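I have placed the structure first, in the form of structure tokens, so that the comments after it can refer back to it.
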Amino acid sequence: MTTNPFAAEENWYLKMQCESTDLIHQSALAFQQLILTAIVVAGFLYTKTYYDNVRRHYARITVVVIGGGPVGLTAVLIASKNIHVKKIYLFEESYRNNLVNKPNQVAFDFRSVTFLRTLGVDFDNMEGCWDNNIFFTRVGIFQDYLLSLIFKLNTETDVRLGTKFSRENIKDIESIHGRVLVIACDGNDGQASRILGLSDEFANHSYKAYGAVAGITRLDKCHLPLPERRVHNLFFDLSAYGASLDENGKAEGFTLKIFGSSRQRYMTLLVPKSECPMVKTMRLVLDRGMMRNIFVKCYNTYKSQGEVTLSETTAIKHLKFSPRLFELKLFQRLHTVAYFEDDDMFVIVEGESARCGNFHTGLDINNGIRGLMSLTAFISLASCAVTEHAILNAMMYKARHDDNLCREFLRNGLRESMYSSY
Ligand SMILES: Cc1cc2nc3c(=O)[nH]c(=O)nc-3n(C[C@H](O)[C@H](O)[C@H](O)COP(=O)(O)OP(=O)(O)OC[C@H]3O[C@@H](n4cnc5c(N)ncnc54)[C@H](O)[C@@H]3O)c2cc1C
């Protein structure tokens, strides 16, 4: 029997040919499957993006604002410009007369002015005055102006003046169809966030400075807005109270700011935290006479031209002031955002209800306005969020903004509103 010496090799060759044909078939099949999968995935992504865009376009949210102070009214204006907002409710416990008669002067810095202008606030048509790019007016005038804008809005707006928000109103919110965003702007005594279920915990941060405030109301004067005055590096001779000017030669001087209207004049004094004898005396010695003298002297030396001198007798009768230096602090609400799944409701806190200081700087309102600078983006995120992840994302966005704001106030707040010269 003859054997083919090449048979094994042939077999091997045939087997290899079969295998490679199989491989080519399999690769072609895999490639086909890959193309098919890619087409399906692309189709899915396209449909999803299209669906998301349509959903985002049609996503609608009802906004409820609690508190018609400067911050609440600005929040209404911001919400009215957002395409996702279908209706706005405003609860304010005071009537219009009380709101527009609020006497204290407020000052809007350049950043707030620029932001408010984008919302249609025309400072050139508002009673007030300009100085170094800061606009000074009365808080009542600003609120009156915003209310007039709000009454002209195209967005459906239900303004409930003279209506205090309380537990009973939660039923009203629950009866709103669809997603709701509640913005609590009820000031530093506000209870709304607590009523709505947010915790009342605050973090208090030190500005690393000491300060004192004084104010006088002169009923014979009108509410004429006056530009503020800042003076730096003041030293007081407290030797009569047992304190030498500076034993170590290292004392930092005080910054003084005089602000407010001609009727309500305020003074703030502050100094970076230090243990120099002058600061120590003003911090620890409770001597009303000493503090009154300091404020009277400051006022009479640095008042605006044409302002009446403050006499000792008037000061004794009418000047209200801190009897000693206290530590300056910023109080920041720990939880400024929440989502309640059962009611499909977001709650956020803004203005002095969210953060405020224990010291008037004359530019306090700007902190509240700065908080609102993220509101447009938050409304858009909150109205479109469907998944748990998207809801969390919206909440994280708001919480991050608040944290950054707080850090910025601690870093730059006093520098911007007190320490810097124009
Ligand atoms: C005496 C004084 C002098 C000041 N001087 C200056 C200054 O010179 N410059 C400056 O920039 N800032 C000044 N401020 C601070 C400034 O007024 C505040 O920063 C600003 O008003 C805070 O705005 P807001 O909207 O957060 O709160 P608020 O102005 O306090 O407004 C809160 C609103 O919520 C309403 N409200 C409360 N609870 C409810 C409820 N349950 N239901 C419905 N409505 C409710 C209140 O009626 C109020 O209208 C001063 C403040 C005071 C008190």
Side-chain angles (χ1 to χ4, degrees), residues 64-78 89-109 111-113 128 134-144 146-147 159-170 172-173 182-196 213-217 223 225-229 257-268 320 330-331 333 336 348-372 409 413 416-418:
V64 178
V65 177
I66 303 169
V71 173
L73 295 177
T74 308
V76 172
L77 214 55
I78 294 172
Y89 293 87
L90 169 69
F91 288 85
E92 165 54 52
E93 68 174 317
S94 301
Y95 287 99
R96 188 169 183 153
N97 263 356
N98 285 346
L99 287 182
V100 306
N101 284 327
K102 273 195 188 170
N104 57 295
Q105 176 177 303
V106 286
F108 295 94
D109 63 14
R111 231 164 115 182
S112 296
V113 167
I134 297 183
F135 184 74
F136 298 89
T137 187
R138 250 191 321 111
V139 72
I141 292 174
F142 180 66
Q143 286 179 246
D144 192 31
L146 290 190
L147 276 172
V159 178
R160 302 185 181 179
L161 299 182
T163 311
K164 184 176 171 137
F165 181 86
S166 61
R167 275 182 206 285
E168 278 73 64
N169 299 105
I170 293 183
D172 297 344
I173 296 182
V182 182
I183 311 175
C185 312
D186 50 348
N188 61 8
D189 291 331
Q191 301 295 319
S193 0
R194 184 180 332 144
I195 293 174
L196 287 159
V213 291
I216 185 158
T217 306
H223 284 297
L226 290 180
E228 63 186 43
R229 310 216 57 205
K257 179 158 156 177
I258 306 182
F259 61 98
S261 62
S262 43
R263 178 175 286 219
Q264 290 185 311
R265 253 0 219 150
Y266 297 103
M267 276 175 278
T268 51
K320 295 196 173 98
L330 173 71
F331 298 94
R333 191 182 277 277
T336 51
I348 61 171
V349 194
E350 294 289 354
E352 292 214 329
S353 181
R355 66 198 77 81
C356 65
N358 59 348
F359 181 76
H360 281 313
T361 65
L363 282 167
D364 314 273
I365 200 164
N366 297 279
N367 299 349
I369 302 288
R370 238 164 254 185
L372 294 177
F409 291 152
E416 282 173 8
S417 53
M418 297 289 301

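Numbers here simply count residues along the sequence, with the first being 1. Nothing here was measured: the structure is a model prediction, and the numbers come from that model. Order of appearance sets the numbers: ligands from 1, and atoms from 1 within every ligand.
- Taking only nitrogen or oxygen atoms, main chain and side chain alike, D364 reaches within less than 3.5 Å of ligand 1.
- Closest protein heavy atom to atom 34 (O) of ligand 1: G67 CA, 3.3 Å.
- Between K164 and ligand 1, no pair of N/O atoms sits closer than 3.5 Å.
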Discussion item. As a quick check of understanding, evaluate side chain to side chain contact (heavy atoms under 4.5 Å, CB included) for F409 and R355, giving each step before the final call.
Written reply: CA-CA 10 Å; F409 291 152; R355 66 198 77 81; 3.4 Å; yes
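- By the 4.0 Å heavy-atom criterion, F108 is excluded from the residues contacting ligand 1.
- Rounding to the nearest 0.5 Å places CG of N358 at 11.0 Å from CG of N188.
- Between L196 atom CG and I173 atom CD1 the span is 5.5 Å, to the nearest 0.5 Å.
- Ranking protein heavy atoms by distance to atom 21 (O) of ligand 1, first place goes to P70 CG, 3.6 Å.
- Heavy-atom proximity to S94, at under 4.0 Å, picks out these atoms of ligand 1: 47 (O).
- For ligand 1, the polar-atom distance check finds no N/O of L99 at less than 3.5 Å from any of the ligand's N/O atoms.
- With values rounded to the nearest 0.5 angstrom, F136 atom CZ is found 4.5 Å from E228 atom CD.
- The closest approach between a heavy atom of K102 and any atom of ligand 1 is below 4.0 Å.
- Here's the thing with F165: one of its N/O atoms is less than 3.5 angstrom from an N/O atom of ligand 1.
- Ligand 1 has at least one atom lying under 4.0 Å from a heavy atom of G362.
- When only interatomic distances are considered, the shortest N/O to N/O separation between N366 and ligand 1 does not fall below 3.5 Å.
- Closest of all the heavy-atom pairs between P70 and Q143 is CD-OE1, 3.7 Å.
- Applying the salt bridge (Lys or Arg N to Asp or Glu O under 4.0 Å) rule to pairs touching residues 66-77 yields nothing, sequence neighbours excluded.
- Protein heavy atom nearest atom 53 (C) of ligand 1, with residue, atom name and distance: H360 NE2, 4.2 Å.
- The structure places CD1 of I258 at 6.5 Å from CE of M267, a figure rounded to the nearest 0.5 Å.
- Panel note: side chain Q264, backbone S262; no donor-acceptor pair is recorded below 3.5 Å.
- Here the protein heavy atom with the shortest distance to atom 31 (O) of ligand 1 is G69 CA, 3.4 Å.
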Side-chain donor-acceptor pairs of residues 361-371 under 3.5 Å, sequence neighbours excluded:
{"from": "T361", "atom 1": "OG1", "to": "L363", "atom 2": "N", "distance (Å)": "3.2"}
{"from": "D364", "atom 1": "OD1", "to": "T361", "atom 2": "N", "distance (Å)": "3.2"}
{"from": "D364", "atom 1": "OD2", "to": "G362", "atom 2": "N", "distance (Å)": "3.2"}
{"from": "N366", "atom 1": "OD1", "to": "D109", "atom 2": "N", "distance (Å)": "3.0"}
{"from": "N366", "atom 1": "OD1", "to": "S112", "atom 2": "OG", "distance (Å)": "2.6"}
{"from": "N366", "atom 1": "ND2", "to": "A107", "atom 2": "O", "distance (Å)": "2.8"}
{"from": "N366", "atom 1": "ND2", "to": "L363", "atom 2": "O", "distance (Å)": "3.0"}
{"from": "R370", "atom 1": "NH1", "to": "E416", "atom 2": "OE1", "distance (Å)": "3.2"}
{"from": "R370", "atom 1": "NH2", "to": "D109", "atom 2": "OD2", "distance (Å)": "2.6"}

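- Using a 4.0 Å cut-off between heavy atoms, Q105 contacts ligand 1 through its backbone alone, with no side-chain atom that close.
- Ranking the protein heavy atoms by distance from atom 1 (C) of ligand 1 puts Y266 OH, 3.3 Å first.
- Side chain of R265 to main chain of G260: a donor-acceptor pair is present (N/O by atom type, distance under 3.5 Å, no hydrogens or angles).
- Side-chain contact check for L73 versus V65: every heavy-atom pair is 4.5 Å or farther apart.
- Each of the atoms 36 (N), 37 (C), 38 (N), 39 (C), 43 (C), 44 (N), 45 (C), 47 (O) of ligand 1 lies under 4.0 Å from some heavy atom of E93.
- Close to ligand 1: L363, with a non-hydrogen atom less than 4.0 angstrom away.
- The distance criterion of under 3.5 Å between nitrogen or oxygen atoms is met by V71 with respect to ligand 1.
- Evaluated by nearest non-hydrogen atom to atom 18 (C) of ligand 1, the leading choice among E350, E352, R355 is E352.
- Close contacts of ligand 1 with F91, meaning ligand atoms under 4.0 Å from a residue heavy atom, involve 43 (C), 44 (N).
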Discussion item. Show, in sequence, the C-alpha distance, side-chain angles and deciding distance for V213 and K320, and conclude whether the side chain to side chain contact (heavy atoms under 4.5 Å, CB included) test is met.
Written reply: CA-CA 8 Å; V213 291; K320 295 196 173 98; over 6 Å; no
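- Looking only at protein heavy atoms, the nearest one to atom 47 (O) of ligand 1 is E92 OE2, 2.7 Å.
- Between F165 and F91, the two ring planes are perpendicular [angle over 60°; tilted spans 30° to 60°].
- One distance of note links NZ of K102 with CD1 of I141; it measures 13.5 Å at 0.5 Å rounding.
- Under a 4.0 Å criterion applied to the non-hydrogen atoms of G187, ligand 1 contributes the atoms 27 (O), 30 (O), 32 (C).
- The CG atom of L226 sits 7.0 Å away from atom OG of S261, with the distance rounded to the nearest 0.5 Å.
- Residue contacts with ligand 1, taken as heavy atom pairs separated by less than 4.0 Å, involve C185 solely via the backbone atoms N, CA, C and O.
- Within the 4.0 Å heavy-atom cutoff, Q191 does not count among the residues contacting ligand 1.
- The distance from ligand 1 to the heavy atoms of G351 drops below 4.0 Å at these ligand atoms: 26 (O).
- An N or O contact shorter than 3.5 Å links N104 to ligand 1 by distance.
- Of the possible donor and acceptor atoms, none in the side chain of R160 sits under 3.5 Å from a partner among the backbone N and O of Y89.
- The closest approach between a heavy atom of T163 and any atom of ligand 1 is below 4.0 Å.
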